[in-house]
Amino acid sequence: MYLLKEKSDYKIIYDKLKSLLKNSYAPFSKFNVASAAEGGSGNIYYGVNVENVSFSLTICAERNAIFHAISKGEKTITKVFILSTAKSPITPCGACRQVISEFSNDAKIIMFSNDGVNYEEKSIKKLLPDGFDYKV
Ligand code: THU
């Protein structure tokens, strides 16, 4: 666990995610998540979780942020930031880990505590050591 320093680049992203939590559409779980994906260009893209009354159609904040980045022309993802309404940092779900792996073998995942006092940082390799891949 690392301390989140005032005025650091990560603090700027934390502040943005904190304000984005209100855009999360989570009437069923009441669990709000906001995420940012840094593309290879250095630009940052944002997303929130969007639920549906047909539950399985729900999409996580991380995938929305990553798909936003790819839609804007990014080819790789270098960092994924996550903030939720839970007090402690949350890790990305298995499906999102597989999607992150698609665009990077060594992306950093930065997971903030809700109060922004600290964060955890892990590589995607560590979170998904043996993800699905194939060669034709
Ligand atoms: N969720 C995310 O957006 N990201 C995660 O890493 C875990 C789960 C969402 C999906 C659903 O809307 C809610 O959180 C509860 O599972």
Side-chain angles (χ1 to χ4, degrees):
M1 194 82 97
Y2 303 94
L3 269 181
L4 183 57
K5 292 198 198 87
E6 281 296 325
K7 293 183 184 154
S8 65
D9 290 350
Y10 284 9
K11 177 70 165 63
I12 292 165
I13 292 171
Y14 165 83
D15 288 342
K16 173 80 178 164
L17 292 180
K18 186 86 178 174
S19 75
L20 265 186
L21 278 179
K22 67 176 183 317
N23 295 352
S24 150
Y25 179 74
F28 306 104
S29 71
K30 313 250 189 270
F31 189 71
N32 303 117
V33 187
S35 178
E38 181 188 76
S41 72
N43 286 339
I44 312 272
Y45 306 84
Y46 294 90
V48 296
N49 57 328
V50 181
E51 299 188 345
N52 191 275
V53 65
S54 180
F55 293 169
S56 66
L57 299 181
T58 291
I59 184 155
C60 293
E62 297 91 322
R63 270 176 290 157
N64 266 340
I66 292 163
F67 294 162
H68 185 190
I70 300 304
S71 300
K72 288 285 187 179
E74 297 290 347
K75 304 297 176 213
T76 59
I77 298 295
T78 48
K79 294 191 188 85
V80 176
F81 300 83
I82 310 169
L83 176 69
S84 83
T85 37
K87 201 167 177 242
S88 301
I90 61 157
T91 58
C93 79
C96 288
R97 293 177 199 202
Q98 184 72 39
V99 169
I100 294 164
S101 298
E102 184 75 24
F103 300 109
S104 169
N105 290 321
D106 62 357
K108 282 184 185 171
I109 317 299
I110 296 102
M111 300 156 279
F112 296 114
S113 64
N114 181 267
D115 61 11
V117 171
N118 45 42
Y119 65 94
E120 282 184 21
E121 185 171 308
K122 288 187 179 153
S123 72
I124 187 60
K125 248 188 209 133
K126 176 161 180 151
L127 289 177
L128 187 67
D130 199 13
F132 172 69
D133 200 3
Y134 71 94
K135 300 271 178 294
V136 281

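Each ligand, and each atom within it, is numbered from 1 in the order the structure gives.
Counting only N and O atoms by type, the side chains of Ser123 and Asp106 include no donor and acceptor under 3.5 Å apart. No donor-acceptor contact under 3.5 angstrom links the side chains of Tyr2 and Glu121, judged on distance only. At a cut-off of 3.5 Å, with distance as the only test, no side-chain donor of Ser54 or Asn52 sits close to an acceptor on the other residue.
Backbone and side-chain nitrogen or oxygen atoms of Thr58 are examined, and none is located within less than 3.5 angstrom of a nitrogen or oxygen of ligand 1. The shortest N or O to N or O distance between Ala61 and ligand 1 is under 3.5 Å.
Cation-pi contact between Lys72 and Tyr45: absent, since separation from the ring centre below 6.0 Å together with deviation from the ring axis within 45° is not met.
Close contacts between ligand 1 and Glu51 involve ligand atoms 11 (C), 12 (O), 13 (C) [criterion: under 4.0 Å to a heavy atom]. Against a heavy-atom cut-off of under 4.0 Å, Glu62 is close to the following atoms of ligand 1: 2 (C), 3 (O), 4 (N), 5 (C), 6 (O). The distance from ligand 1 to the heavy atoms of Cys93 drops below 4.0 Å at these ligand atoms: 6 (O). Interface of Cys60 with ligand 1, defined as ligand atoms under 4.0 Å from a residue heavy atom, comprises 1 (N), 2 (C), 3 (O), 4 (N). For ligand 1, the atoms lying closer than 4.0 Å to a non-hydrogen atom of Ser29 are 13 (C), 15 (C).
Around CG of Asp9, the count of heavy atoms belonging to other residues, nucleotides or ligands within 6.0 Å does not exceed 12.
Contact annotation for atom 14 (O) of ligand 1: protein present (non-hydrogen atoms, distance under 4.0 Å).
Comparing heavy-atom distances from atom 9 (C) of ligand 1 across Ile59, Asn32, Asn49 singles out Asn49 as nearest.
Every residue meeting the side chain to side chain contact (heavy atoms under 4.5 Å, CB included) condition with Asp15, not counting sequence neighbours, appears here in chain and number order: Lys11.
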Side-chain donor-acceptor pairs of residues 86-98 under 3.5 Å, sequence neighbours excluded:
{"from": "Thr91", "atom 1": "OG1", "to": "Arg97", "atom 2": "NH2", "distance (Å)": "3.1"}
{"from": "Arg97", "atom 1": "NE", "to": "Pro92", "atom 2": "O", "distance (Å)": "2.7"}
{"from": "Arg97", "atom 1": "NH1", "to": "Leu127", "atom 2": "O", "distance (Å)": "3.0"}
{"from": "Arg97", "atom 1": "NH2", "to": "Pro92", "atom 2": "O", "distance (Å)": "2.9"}
{"from": "Gln98", "atom 1": "OE1", "to": "Phe132", "atom 2": "N", "distance (Å)": "3.2"}
{"from": "Gln98", "atom 1": "NE2", "to": "Phe132", "atom 2": "O", "distance (Å)": "2.9"}

key: ring pair (Phe, Tyr, Trp, His ring centres under 6.0 Å) between Tyr119 and Phe81, worked out   = CA-CA 10 Å; Tyr119 65 94; Phe81 300 83; 8.8 Å; no

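Residue contact check for ligand 1: Pro92 places a non-hydrogen atom closer than 4.0 Å to it. At least one heavy atom of Thr91 sits closer than 4.0 Å to an atom of ligand 1.
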